[in-house]
Amino acid sequence: MANINFLTSGKVFEIPDNSNVLRVSLRYDGELPNRCGGGICGNCVFKTESGQENLDQVKIQERRKLGEEWLEKGYRLGCQTFVTEGDVAVSWDEEVTNIVKKRKPDRYQKVK
Ligand code: FES
């Protein structure tokens with residue numbers, strides 16, 4: 001079990017290991033914005049404020065939609081991210097969400 005702290009909405013939930021961030025938010029009304037649920041729209045972007053080591057690996061959809069610049073700043077997509085184990089705190093910001101939503105996805109780069 002772990003805690004996820006949705007700092008922006010001021011809600012904290014105890015969750016089982018390997019819980020999806022957006023699904024937790026939807027189930028318990030954590031208020032993380034969302035739309036497509038598939039890594040396309042960017043509405044669910046959040047910043048990892050603590051516990052980055054407790055999140056699973058970055059998905060290809062996140063690489064495309066966020067690009068390295070946002071990933072390096074600690075941003076992830078809630079619909080694509082799972083809390084593996086341990087506590088995590090996340091926040092989101094309308095200004096950033098709007099930038100990410102408009103960002104054109106990077107092209108998928110094939111690894112040989
Ligand atoms: S809900 Fe659309 S990218 Fe996550």
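Whatever order the structure lists them in is the order used to number ligands and atoms, beginning at 1. The shown structure was predicted, so the numbers you read here are calculated from the model rather than taken from an experiment.
- The closest protein non-hydrogen atom to atom 1 (S) of ligand 1 is G37 N, 3.1 Å.
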(message) Checking K47 against D93 for the salt bridge (Lys or Arg N to Asp or Glu O under 4.0 Å) test, could you report, in this order, the C-alpha distance in whole Å, the side-chain angles of both residues, the deciding distance, and whether it holds?
(response) CA-CA 9 Å; K47 182 168 191 188; D93 173 274; over 6 Å; no
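- The shortest heavy-atom contact between Y75 and L66 is O-CD1, 3.6 Å.
- The two atoms that bring V21 and F6 nearest to each other are O-CZ, 3.9 Å, heavy atoms only.
- For ligand 1, the atoms sitting less than 4.0 Å from at least one non-hydrogen atom of G39 are 3 (S), numbered in the order shown with element in parentheses.
- Contacts between I40 and ligand 1 below 4.0 angstrom, taking non-hydrogen atoms only, involve the backbone exclusively.
- At a threshold of 2.8 Å, atom 2 (Fe) of ligand 1 has no backbone or side-chain N, O or S atom of C79 nearer than that distance.
- Each of the atoms 1 (S) of ligand 1 lies under 4.0 Å from some heavy atom of R35.
- For a distance bound of 2.8 Å, the N, O or S atoms of C44 include one lying that close to atom 4 (Fe) of ligand 1.
- With ligand atoms numbered from 1 in the order given, ligand 1 contributes 1 (S), 2 (Fe), 3 (S) to contacts under 4.0 Å with heavy atoms of C36.
- Within ligand 1, the atoms closer than 4.0 Å to a non-hydrogen atom of C41 are 1 (S), 2 (Fe), 3 (S), numbered from 1 in the order shown.
- With hydrogens and angles disregarded, no donor-acceptor distance shorter than 3.5 Å links the side chain of K65 to the backbone of R63.
- Closest protein heavy atom to atom 3 (S) of ligand 1: G42 N, 3.2 Å.
- Remark: the backbone N or O of L77 is paired with a side-chain donor or acceptor of T81 at under 3.5 angstrom.
- Looking only at distances, no side-chain donor or acceptor of S91 sits under 3.5 Å from a matching main-chain atom of L7.
- For N34 (side chain) and N43 (main-chain N/O), no donor-acceptor pair under 3.5 Å exists by modelled atom type.
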